[in-house]
Amino acid sequence: MSRRVALEGSHAVAEAVRMANVDVIASYPITPQTHIPERLAEMVANGELDAEYIPVESEHSAMSACVGAAAVGARAFNTTSGQGLELMHEVLYVASSMRYPTVMAICNRGLSAPLSVWADHSDAMAVRDTGWIQVFCQNNQEVFDMTLWAFRVGEDPRVLFPVMVYLDGFTLSHVIEPVNLPQQEEVDRFLPKLQYRFALNPDNPMTHGAFGPPDIYTEAKIAQEVAFRKSKEVLLQGWKEFGDIFGRYYYPVELYKAENAKTLLVLQGSLSETAKLVVDKRRESGEPVGLIYLRLWRPFPLHEFRQAVKDVDTLIIFDRCISFGGPGGPVCSEIRSALYDMERRPKVVGFVGGLGGRDVSVGDFEHVIDRGREVAKKGSEEIFETVGVRGEVVGIRG
Amino acid sequence: MAQEFIKFGKNLVDTREFLAPGHNFCLGCGEVLAMRLVCKTLGEKVIIAMATGCDEVSSTPLPVTSWRVPWVHTLFENVGAEISGIEAGMKALMRKGRIPQRDIKFVGMAGDGGTMDIGLQALSGAIERGHNFLYLCWDNEAYMNTGIQRSSGTPYGASTTTAPAGKISVGQRTWKKNMVEIAAAHNIPYAATACPSYPFDLMNKVKKGAEIEGPAYIHILCPCPVGWRFPSNLTIEIGRLAVETGIFPLYEVENGRYKLNIDRPKLKPVEEYIKPQGRYRHLPQEELQKIQERVNEEYAKLKAKVAAFAA
């Protein structure tokens, strides 16, 4: 039996980490992530969680300490936002390339300058290619569920990759929503103890992190890529098992009212819940509009995504990040590329908005749908259009 | 490997090698001489985290390794943090009964750049938090792995590729950062200097540092024939001269108490240490005098600390 409780996103993460019985927490405070390490520190201080809490002196050290803990076979957890994620950038590659299955929750935040502590996906997009499994959450139930799932799949001997769980800063991290918390016994059934085969131990000395001369580096990286892509099967299996135990099933590409839809919005993060209200309205008035929630960001669910959009006329992609000087928002240009080889592919229209915590309203999504369909029909010289920007600039040309 | 010892006077030295031969260190490298002795002292119940540098690239080109003990390298500046995670992870796993309770030494190792420059923050954090670990700095007084660039460990007057001697430059214009004092200023249980030219002193300090509960720091001067430009058969001699001239005194700070391990009644002139090294070849006499005065001053300060806070 689960308990239904009111939790902000940060505390949903902390509850999942507690129930996962982690061994080591290393984290450095940064807004809007602070409630997560605070709550975990409380749990450790009160004996509710038997873990080593390392109050590190930077995010670079937070990630490095987690790498160290993972190297000896401990379950390690880290959490950060925005600048913190950027500071640990090089360590992220180490964690994935050395196959250390650690978990990190990221309360997404804009990047300086100017300084912003508010929701934005620029931090996530900047670490897109670091070899971490990455999922976006829409609400606090997902925040709890994805955190638990992250340990389960990342630590699977067929995977051994670190996992990032993204939750929008403030709009999820600080907003209280109802969350179903499972029994510990159910969690234990879903999440076995970590058995890391390659743990550093004097009984079986191993060398981790030898350097790669040109005659071996390429093979090492290709092996990593093959293993990373192959991990998708286990990620899906993990979601299936999660659903069987907890009753909530998740998919890499989630469809909302997409049946017979001609136009689909594509979103990541908490904005999808606002957009769904607009989809509901349009459906009520008989318009064939639906939504794709792109949950699994890495490894990219290429097959599932193509399958989901094969009969659609128009895809409207909403990016919460700018790729400066790029061929579109990061999600939009990636999806264009993913669809390019399809024989029949939808028109792809890109919007950028919600930067640095800027609110995106129901009205904004009404505009995005109408304008998106118009651009798809008539074409446009703009690479993408912006939403909710004051002043003259609406479209960005190449 | 069966444990056997060779007796040198009152010192017992393990015959086993934990750093296997066949590595790529340079001829006459002071660092690998020290490392071999350190590994003999630490034994097999150890986990080592090492920073990027000479020591790392010379011991582990994939797919081979010289390490017969658990060893990990990830980055340049994070050894302090990484060994913190290793220690915390093992502590948690032992407390929770996931692995048997046992005594394992956690040892971080980095060069002077990895310790005194880019890795200083992570090291300071690890020391301040009081993790139970031993940290060894292999100080060859410049970024030798990348080609003799100056670090904050490079001594005044030495010529390096990024602080070269020139028509209007003496080479390094700054005095060597005093890393042992920085470590000791964290009020840690044990900080010391050592040099492979004094092998038993080195090994005794490593043993002490590894056995002490809490953070311990040992700063090891490793003469580098390539970077310091002296013949590779002079490594041990140069190390001795560094100590005998007072340029690199061997001392310990144990719970705030200072002890000079080698205290000669009269120091040799610094010129004897400087003359054989090509990195100082350009130095005019007045600069030598300046270095001599500085060494006298620093040595006197150290002696005063020894007198005031005797072990």
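Chain letters run A, B, ... following the sequence lines, proteins first and then strands; every chain starts at 1.
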Student: So which of B:G125, B:A88, B:G80, B:P63 has the biggest tally of heavy-atom pairs under 4.5 Å with chain A?
Tutor: B:A88
Student: For the interface with chain B, which of A:G73, A:P205, A:G212 has the highest count of heavy-atom pairs at distances below 4.5 Å?
Tutor: A:P205
Student: Grab the two heavy atoms, one from A:A210 and one from B:T60, that are nearest each other, plus how far apart they are.
Tutor: CB-O, 3.2 Å
Student: Between B:G85, B:A92, B:A122, who has the most heavy-atom pairs with chain A when the cutoff is under 4.5 Å?
Tutor: B:G85
Student: Which atoms of A:V72 are under 4.5 Å from chain B, going by heavy atoms: the side chain, the backbone, both sets, or neither?
Tutor: both
Student: Once you round to the nearest 0.5 Å, how far does CZ of A:F211 lie from OG of B:S58?
Tutor: 8.0 Å
Student: For A:N204, is it the side chain, the backbone, both or neither that has a heavy atom under 4.5 Å from a heavy atom of chain B?
Tutor: neither
Student: Do you know the tightest heavy-atom contact between A:V22 and B:K96?
Tutor: O-NZ, 3.0 Å
Student: Report the residue from B:N78, B:I86, B:T74 that forms a side chain to side chain contact (heavy atoms under 4.5 Å, CB included) with A:V67.
Tutor: B:T74
Student: Heavy-atom cut-off 4.5 Å, strictly under: side chain, backbone, both or neither for A:I216 against chain B?
Tutor: side chain
Student: Could you check if a side-chain atom of A:N201 sits within less than 4.5 angstrom of a side-chain atom of B:P70, using non-hydrogen atoms only?
Tutor: no
Student: Take A:D203 and B:R102, measure what side chain to side chain contact (heavy atoms under 4.5 Å, CB included) needs, and give me the verdict at the end.
Tutor: CA-CA 11 Å; A:D203 295 334; B:R102 60 199 292 198; 3.0 Å; yes
Student: Please classify the contact of B:V57 with chain A as side chain, backbone, both or neither, using a heavy-atom distance under 4.5 Å.
Tutor: both
Student: Drop me the distance from B:R95's CZ to A:D23's CG, to the nearest 0.5 angstrom.
Tutor: 9.0 Å
Student: Is there a side chain to side chain contact (heavy atoms under 4.5 Å, CB included) between B:R129 and A:E57? Walk through the geometry before answering.
Tutor: CA-CA 9 Å; B:R129 292 188 299 270; A:E57 82 298 333; 3.0 Å; yes
Student: Please give me the minimum heavy-atom distance between B:H73 and A:M98, naming the atom from each residue.
Tutor: O-CE, 3.5 Å
Student: So with a 6.0 Å cut-off around OH of A:Y217, is the heavy-atom count from everything else above 12?
Tutor: no
Student: Looking at B:P61, B:A126, B:S84, which one has more heavy-atom pairs under 4.5 Å with chain A than the rest?
Tutor: B:P61
Student: Considering only heavy atoms and a distance below 4.5 Å, find which of B:E87, B:E128, B:Q121, B:E56 pairs most often with chain A.
Tutor: B:Q121
Student: Which heavy-atom pair separates B:M90 from A:L200 by the least distance, and what is that distance?
Tutor: CE-O, 4.4 Å
Student: Sort out for me which of B:K91, B:K45, B:E77 touches chain A most, counting heavy-atom pairs under 4.5 Å.
Tutor: B:E77
Student: Taking B:V69, B:V64, B:V46, B:L75 one by one, which has the highest count of heavy-atom pairs under 4.5 Å against chain A?
Tutor: B:L75
Student: Within this structure, what is the CD1-NE2 distance for the pair B:I48 and A:H208, rounded to the nearest 0.5 Å?
Tutor: 13.5 Å
Student: Taking everything shown except A:R189 itself, do over 12 heavy atoms lie less than 6.0 Å from its CZ?
Tutor: yes
Student: Minimum heavy-atom separation for B:E44 and A:P202, please, with both atom names.
Tutor: O-CB, 3.4 Å
Student: Would you check if A:R75 and B:R98 make a side-chain contact, meaning some heavy-atom pair closer than 4.5 Å?
Tutor: no
Student: First locate atom OG of A:S64, then atom CD1 of B:I83, and finally report the distance between them rounded to the nearest 0.5 Å.
Tutor: 12.0 Å
Student: Is it the side chain or the backbone of A:F198 that comes within 4.5 Å of chain B heavy atoms, both, or neither?
Tutor: neither
Student: Does atom NZ (B:K208) have a neighbourhood of more than 12 heavy atoms from anything else shown, all under 6.0 Å?
Tutor: yes
Student: Quick one: closest heavy-atom pair of B:G89 and A:A74, and the distance?
Tutor: CA-CB, 3.8 Å
